[in-house]
Colleague: 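Here it is, the structure in full.
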Amino acid sequence: MPELTEVEAFAQAMLRWCGGRRVTALERLDPTVLRTEERDLTGMTVRGVSRRGKHLIVTLDDAELMVHLRMTGQLLPGEGAAFVRASLRLHDAAPVQLIDPRRLAELHVLAPGGAARRLVGLGDEPFPGPRPGSWWRARLGGARRPLKSALMDQALVAGLGNIAASEILWRARLHPTQRASELNDGEWERLAEAAEAFLSKAMSTQEPDRVVYISRGGENPFSVYQRARCPRCEGPVTRLSQQGRSTFLCPRCQPAPLG
DNA sequence: TAACATGTTTGTCG
DNA sequence: ACGACAAACATGTT
């Protein structure tokens with residue numbers, strides 16, 4: 001479900017759902033998602049919610065709750081949803097459910113400062129932007145890997161996933177297999193503008209309290225991801241495989257690099 | 001039914 | 001050190 005913009009939307013929603021509330025219990029309905037438990041949250045008040053890459057961090061009086069939703073995790077206030085793996089019960093507010101059919105999500109209850117310690121090595125934040133072309137060049141330009149692979153490397157830039165990478169490259173008219181180290185300054189600038197445009201548009205699409213990405217049977221909000229035709233040139237969208245993941249591109253708009 | 005899935009980690013090999 | 005690849009995690013969707 002989530003990449004940077006969805007986690008950001010979840011973080012903002014979490015602040016509305018839990019901000020200033022006192023925790024009455026952290027219910028663990030499935031033992032696999034609760035990976036770390038260094039504190040008992042009972043009685044603590046939620047002081048803030050933030051995001052770092054694809055990690056969501058809830059700050060409490062004497063603890064931090066760090067969540068990674070991985071592929072299929074979601075957060076939703078209420079009770080009785082399908083696939084609830086944990087539930088944060090609150091005083092005078094609906095509980096917040098961690099939902100994850102696939103059970104790959106991670107929940108860490110850490111001592112203060114624990115999240116930052118665990119996130120050492122995570123790359124810099126592209127959002128909120130804008131970031132200039134030189135910013136992207138400084139972080140990705142040393143990689144001789146395909147540009148898409150570098151974009152998704154969380155140690156270089158934090159938060160971009162498989163969909164964002166395809167969408168940003170399409171907007172920038174850059175080919176996914178192009179070596180990152182071979183981009184020129186104009187191409188870095190195009191990447192910078194495309195990233196800013198994609199991230200701000202994806203954020204503006206999010207509705208308060210209804211964080212949605214690709215919804216089953218719903219509209220596809222993307223330009224190339226799982227699309228048949230390029231909305232810019234009407235040409236066919238093609239798919240290739242990189243790092244075992246599908247990359248979508250418009251070969252007309254994103255010409256393959258020479259050599 | 002087999003292939004695929006918005007993510008990350010670990011191990012292997014070049 | 002860098003990078004490509006496969007498998008693993010565990011299960012729903014197409």
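The structure presented is a predicted model; accordingly, all values stated were derived computationally and were not measured. We name chains A, B, ... by the order of the sequence lines, and we start the count at 1 in each one.
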Colleague: For a quick check of understanding: with a heavy-atom distance under 4.0 Å over all strands, which category does R102(A) fall into, base, sugar-phosphate or nothing?
Modeller: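 Touches a base.
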
Colleague: So if I take every side-chain heavy atom of Y225(A) and compare against dA5(B), dG7(B), dG3(C), which nucleotide ends up nearest?
Modeller: dA5(B)

Colleague: Which whole-number value in Å describes the distance from D100(A) CG to dA10(C) P?
Modeller: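 Rounded to the whole Å, the gap is 11 Å.
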
Colleague: If the P atom of dA10(C) is compared with that of dC4(B), how far apart are they to the nearest Å?
Modeller: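 Roughly 22 Å separates the two P atoms.
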
Colleague: Which value, in whole Å, describes the distance between the P atoms of nucleotides dA3(B) and dA6(C)?
Modeller: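 Rounded to whole Å, the distance is 14 Å.
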
Colleague: In whole Å, I'd like the distance from the CG atom of L240(A) to the P atom of dA4(C).
Modeller: 13 Å

Colleague: Taking only N and O in the side chain of R145(A), is any of them less than 4.0 Å away from OP1 or OP2 of dG3(C)?
Modeller: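 Affirmative; the distance criterion is met.
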
Colleague: Under the salt bridge (Lys or Arg N to Asp or Glu O under 4.0 Å) definition, can you give me all pairs with a residue in residues 155-181 of chain A, not counting sequence neighbours?
Modeller: R179(A)-E182(A)

Colleague: Starting from P on dA5(B), measure out to CZ on R245(A) and report it in whole angstrom.
Modeller: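 Rounded to the whole Å, the gap is 8 Å.
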
Colleague: Could you tell me the separation between the CD atom of Q242(A) and the P atom of dA5(B), rounded to a whole number of Å?
Modeller: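 Taking atom P of dA5(B) as the reference, CD of Q242(A) is at 13 Å.
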
Colleague: Is a donor on one side and an acceptor on the other found under 3.5 Å between the side chain of D100(A) and the backbone of Q74(A)?
Modeller: no

Colleague: Looking at dT8(B), I'd like to know if its phosphate oxygens (OP1 or OP2) sit under 4.0 Å from a side-chain N or O belonging to H68(A).
Modeller: yes

Colleague: Indicate whether any N or O donor in one side chain lies under 3.5 Å from an N or O acceptor in the other, for R22(A) and T45(A).
Modeller: no

Colleague: Would you check, one step at a time, whether the test salt bridge (Lys or Arg N to Asp or Glu O under 4.0 Å) holds for K54(A) with E6(A)?
Modeller: CA-CA 9 Å; K54(A) 298 171 191 169; E6(A) 292 72 45; over 6 Å; no

Colleague: May I have the distance from Q226(A) (atom CD) to dA3(B) (atom P), rounded to whole angstrom?
Modeller: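 The answer, rounded to whole Å, is 18 Å.
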
Colleague: Choosing from dG12(C), dT8(B), dA5(B), which nucleotide comes nearest the side chain of S246(A)?
Modeller: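 Nearest to the side-chain atoms of S246(A), counting from C-beta on, is dA5(B).
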
Colleague: Return the residues of residues 147-155 of chain A meeting this criterion: a heavy atom under 4.0 Å from some atom of DNA chain B. Order them by number, or give none.
Modeller: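 Of all residues in residues 147-155 of chain A, the ones placing a heavy atom under 4.0 Å from DNA chain B are Q154(A).
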
Colleague: Mind calculating the distance between CG (D30(A)) and P (dC9(C)) to the nearest angstrom?
Modeller: 15 Å

Colleague: Please determine, by modelled atom types, if T247(A) and Q242(A) share a side-chain donor-acceptor pair under 3.5 angstrom.
Modeller: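 Side-chain D/A pair, T247(A) to Q242(A): present.
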
Colleague: With a 3.5 Å distance limit and no angle check, can you tell me whether R229(A) reaches the backbone of E234(A) through a side-chain donor-acceptor pair?
Modeller: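 The answer is yes, because a donor-acceptor pair under 3.5 Å joins these two groups.
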
Colleague: Taking the nucleotide of DNA chain B with the nearest heavy atom to each, does H55(A) or G244(A) sit closer to the 5' end?
Modeller: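 It is G244(A) whose nearest nucleotide is closer to the 5' end.
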
Colleague: Is there side-chain contact between L191(A) and I168(A), with heavy atoms separated by less than 4.5 Å?
Modeller: yes

Colleague: Let me know the distance between CZ of R179(A) and P of dG3(C), rounded to the nearest Å.
Modeller: 9 Å

Colleague: If I take atom CD in residue E106(A) and atom P in nucleotide dG7(B), what distance separates them, rounded to the nearest angstrom?
Modeller: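 In whole Å, dG7(B) P lies 14 Å from E106(A) CD.
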
Colleague: Do R227(A)'s NZ or CZ and the ring of W170(A) fall within the cation-pi criteria of under 6.0 Å and 45°?
Modeller: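 No, R227(A) does not lie over the aromatic ring of W170(A).
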
Colleague: Under 4.0 angstrom, heavy atoms only, what part of the nucleic acid is R239(A) near: base, sugar-phosphate, or nothing?
Modeller: sugar-phosphate

Colleague: Tell me, please, which residues at least two apart from R52(A) pass salt bridge (charged side-chain N to carboxylate O under 4.0 Å, His left out).
Modeller: E125(A)

Colleague: Between the side chains of Q243(A) and S149(A), is a donor N or O closer than 3.5 angstrom to an acceptor N or O?
Modeller: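 Looking only at side-chain atoms, S149(A) and Q243(A) do form a donor-acceptor pair, the distance falling under 3.5 Å.
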
Colleague: At a cut-off of 3.5 Å, list every protein nitrogen or oxygen paired with a nitrogen or oxygen from nucleotides 12-14 of chain B, distance to 0.1 Å.
Modeller:
none

Colleague: Counting only side-chain N and O atoms of T72(A), is one of them less than 4.0 Å from OP1 or OP2 of dA5(B)?
Modeller: no

Colleague: I want to check something: taking the side chain as every heavy atom from C-beta on, are M203(A) and F127(A) in contact at a cut-off of under 4.5 Å?
Modeller: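 Yes, at least one pair of side-chain atoms sits under 4.5 Å.
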
Colleague: Listed by chain and number, what are the salt bridge (charged side-chain N to carboxylate O under 4.0 Å, His left out) partners of D92(A), not counting sequence neighbours?
Modeller: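 Once residues adjacent in sequence are excluded, D92(A) has no partner under the salt bridge (charged side-chain N to carboxylate O under 4.0 Å, His left out) criterion.
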
Colleague: What does the 5'-to-3' dot-bracket notation of DNA chain B look like when only Watson-Crick and G-U wobble pairs under 3.5 Å count, and pairs to other strands show as |?
Modeller: .||||.||||||||

Colleague: Has E3(A) got a side-chain atom pairing as donor or acceptor with N162(A)'s backbone, closer than 3.5 angstrom?
Modeller: yes

Colleague: Would you measure the distance from the C1' atom in dT1(B) across to the matching atom in dC9(C) and give it in whole Å?
Modeller: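 Looking at atom C1' only, dT1(B) and dC9(C) are 23 Å apart.
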
